[in-house]
There are 2 protein chains.
Amino acid sequence: MNETIETILKHRSIRQFTDQTLTDEEIRTIVGSAQAASTSSYIQAYTIIGVKDPEKKKKLAELAGNQSYVEHNGHFFVFCADLHRHEKIGEWEGADVVPTLESTEKFMVALIDAALAAQNASLAAESMGLGICYIGGIRNDLEQVSEVLNLPDRVVPLFGLAVGHPAHESDVKPRLPFEAIYHEDGYERDEEKMKDTLKEYDDTISSYYHARTAGKRSDRWSGQMANMLSNRPRMYMKEFVEKKGFNKR
Amino acid sequence: MNETIETILKHRSIRQFTDQTLTDEEIRTIVGSAQAASTSSYIQAYTIIGVKDPEKKKKLAELAGNQSYVEHNGHFFVFCADLHRHEKIGEWEGADVVPTLESTEKFMVALIDAALAAQNASLAAESMGLGICYIGGIRNDLEQVSEVLNLPDRVVPLFGLAVGHPAHESDVKPRLPFEAIYHEDGYERDEEKMKDTLKEYDDTISSYYHARTAGKRSDRWSGQMANMLSNRPRMYMKEFVEKKGFNKR
């Protein structure tokens, strides 16, 4: 196994960091790595906001549901889907680009572009011995996050990425069995097979929690998912992204 | 610079592969790497279809706009947003999960999850000396791609990933300047600055093409974008993803 695959496989989210801030060189390396990712037809439809201002970090931490590691870390990045730049290019080049920018297709392109970049950034950071945690919590209130970051239209924050020197350790969490995620030549539609695979995974997860909490937790993955998906968080999202000029047609 | 960052920075898309197919062990390592990526609240909202059947590969290559490297490669993956599994869990656990599954928020989660996984897969492959190319072209006709792959509802193919042993070399393409992509503490809204940065980048790209085509091409990035975005490809996408149960509310 090579060093890159080793780095990939030992990923675990870090939620406590030392006070040591990232150097500008480290930030440049991480952003440069993000930019090296593939991008759909060269569109590069994202912007990364680095947040250093302590007041802004504090505000973002509150908005993300009081996650302390949004405030306390080595550096905080916000990855945004961005077609604002492309709208301006349309204006300057005299091209009618707006209908395309507003399509669901380009919304998907921007999200995928930003996520590919973010995963490169994460692995670059982890390969340097830093820890990372994705912060979906900023989607709790994108209106206010957009205000804090002074975002124009056609820019939507997707997630944060807290990076820093780890101040705790955590374990690699077991993923779904290979057979559940990977199907060959077509989707495996056999429901009994799916049930069996999930049952096996539920047992794994249950034991995982049991061992790590001295028996206090033993929830199954299926139960977690059913619970989580019974809640209806962030149902404002459709309206919000449309208002920002995405996913409209 | 460590090995991982080196692998990240030397990425270029490979569009010609030798006949050598990937071994099952290589496929497992790539999929395992994909699965190690972060996932929103542990949801793991994606499925990876590996396509080996030559007839299916041929059909997918046609649908993607006759891209030969979709047919001829070491292995072809299709990354899909997948909430089908979660709908079944809702049924089996007696939980009303459908409104959440149909939200734009969960559409975003599934896309981001799948893209993070795909980028891990790509880097794992590249670290093994393989080449990769993302195939957005499968989105030309997702109805037919879904048929070829026998996909149920709540599964949407996002992109392909051709992987294999490189049969040609290509250059690393210059990305937008750091200053364009990375802003600190808020979005850089100064339009004159944006214009200057893009002008500089356009010159870089123009020289890049000029040098590589013996003067036959010298297009600017802005011009490329204006052209591309004047077309309106895949405007069926909104209706399609809604029909599949995503992005509805």
Side-chain angles (χ1 to χ4, degrees), chain A residues 2-5 7-9 11 31 33 35-38 40-41 44 47-53 86 89-90 93 95 97 99-100 103-105 111-112 115-116 119-120 123-124 127 134 136 149-151 175-176 181-187 222 225-226 228-230 232 234-235 237-238 249, chain B residues 2-5 7-9 11 31 33 35-38 40-41 44 47-53 86 89-90 93 95-97 99-100 103-105 111-112 115-116 119-120 123-124 127 134 136 149-151 175-176 181-187 222 225-226 228-230 232 234-235 237-238:
Chain A
N2 65 51
E3 204 180 286
T4 304
I5 294 176
T7 301
I8 287 173
L9 295 182
H11 162 73
V31 172
S33 296
Q35 291 197 257
S38 292
S40 176
S41 302
Q44 307 174 71
T47 287
I48 306 168
I49 313 272
V51 190
K52 282 187 172 169
D53 180 338
H86 301 80
I89 288 172
E93 301 278 326
V97 300
T100 304
S103 65
T104 293
E105 157 71 10
L111 259 68
I112 294 166
L116 299 183
Q119 189 53 19
N120 263 9
L123 284 173
S127 76
Y134 281 92
L149 302 179
N150 190 30
L151 303 180
R175 299 303 198 237
L176 279 163
I181 284 289
Y182 181 76
H183 308 185
E184 218 149 73
D185 283 329
Y187 200 92
S222 295
M225 290 303 111
M228 176 182 78
L229 297 168
S230 301
R232 299 182 187 178
R234 306 173 191 157
M235 296 303 283
M237 196 56 77
K238 189 169 205 290
R249 42 175 139 185
Chain B
N2 65 51
E3 206 179 285
T4 303
I5 294 176
T7 301
I8 287 173
L9 295 182
H11 163 74
V31 172
S33 296
Q35 290 197 258
S38 292
S40 176
S41 303
Q44 307 176 73
T47 286
I48 306 168
I49 314 270
V51 191
K52 282 186 174 171
D53 179 339
H86 301 80
I89 288 172
E93 301 280 325
D96 179 18
V97 301
T100 304
S103 65
T104 293
E105 158 70 12
L111 260 69
I112 294 166
L116 299 183
Q119 189 53 19
N120 263 11
L123 284 173
S127 76
Y134 281 92
L149 302 178
N150 190 28
L151 303 181
R175 298 303 197 237
L176 280 164
I181 283 290
Y182 181 77
H183 306 184
E184 218 149 72
D185 283 329
Y187 200 92
S222 295
M225 291 302 113
M228 175 181 76
L229 297 168
S230 301
R232 300 182 187 179
R234 307 172 190 158
M235 296 303 282
M237 196 57 75
K238 189 170 205 291

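The model shown is predicted, which means the values in this text are computed figures rather than measured ones. Order of the sequence lines sets the chain letters (A, B, ...), proteins ahead of strands, with each chain counted from 1.
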Inset, instruction - Select one option (side chain, backbone, both, neither) describing which atoms of Glu93(B) are under 4.5 Å from chain A's heavy atoms. - result: side chain

Inset, instruction - Dump the intermediate steps for side chain to side chain contact (heavy atoms under 4.5 Å, CB included) on Thr100(B) and Ser230(A), then the final yes or no. - result: CA-CA 7 Å; Thr100(B) 304; Ser230(A) 301; over 6 Å; no

Inset, instruction - Without swapping roles, check the side chain of Arg234(B) against the backbone of Glu105(A) for a donor-acceptor pair under 3.5 Å. - result: no

Inset, instruction - Provide the closest heavy-atom pair for Met228(A) versus Ser41(B) in the form atom of the first, atom of the second, distance. - result: SD-CB, 3.3 Å

Inset, instruction - Give, as side chain, backbone, both or neither, the part of Tyr182(B) having an atom under 4.5 angstrom from any heavy atom of chain A. - result: both

Legend entry - Among the listed options Ile48(B), Thr47(B), Leu151(B), Asp96(B), the residue most often paired with chain A at heavy-atom distances under 4.5 Å: Ile48(B)

Legend entry - Largest heavy-atom contact set with chain B, pairs under 4.5 Å, which of Ile89(A), Thr104(A), Ile181(A): Ile181(A)

Inset, instruction - Verify, without hydrogens or angle tests, whether Asn150(A) (side chain) and Gly186(B) (backbone) share a donor-acceptor contact under 3.5 angstrom. - result: no

Inset, instruction - Check whether any side-chain N or O of Gln44(B) sits under 3.5 Å from a backbone N or O of Leu176(A) as a donor-acceptor pair, and report yes or no. - result: yes

Legend entry - Options Arg175(B), Met237(B), Lys52(B), ranked by heavy-atom pairs under 4.5 Å with chain A, top entry: Arg175(B)

Inset, instruction - Quick one: which of Leu9(A), Ile112(A), Asn2(A), Thr7(A) has the most heavy-atom pairs under 4.5 Å with chain B, could you say? - result: Asn2(A)

Inset, instruction - Could you walk me through whether Gln119(B) and Ile8(A) pass side chain to side chain contact (heavy atoms under 4.5 Å, CB included), step by step? - result: CA-CA 11 Å; Gln119(B) 189 53 19; Ile8(A) 287 173; over 6 Å; no

Legend entry - Check: His11(A)/Ser38(B) side-chain N/O donor and acceptor closer than 3.5 Å: yes

Legend entry - Closest non-hydrogen atom pair, Leu116(B) against Ala115(A): CD2-O, 3.3 Å

Legend entry - Largest heavy-atom contact set with chain A, pairs under 4.5 Å, which of Val51(B), Leu149(B), Ile49(B): Ile49(B)

Inset, instruction - Under 4.5 Å, counting heavy-atom pairs only, tell me which of Ala124(A), Ser103(A), Gly90(A), Gly136(A) racks up the most with chain B. - result: Ala124(A)

Inset, instruction - Sort out for me which of Met235(A), Glu3(A), His86(A) touches chain B most, counting heavy-atom pairs under 4.5 Å. - result: Glu3(A)

Inset, instruction - Using atom types as modelled and distance alone, determine if a side-chain donor or acceptor of Arg249(A) lies under 3.5 Å from a backbone N or O of Lys238(B). - result: no

Legend entry - Asp53(B) side-chain N/O to Asp185(A) backbone N/O, donor-acceptor pair under 3.5 Å: no

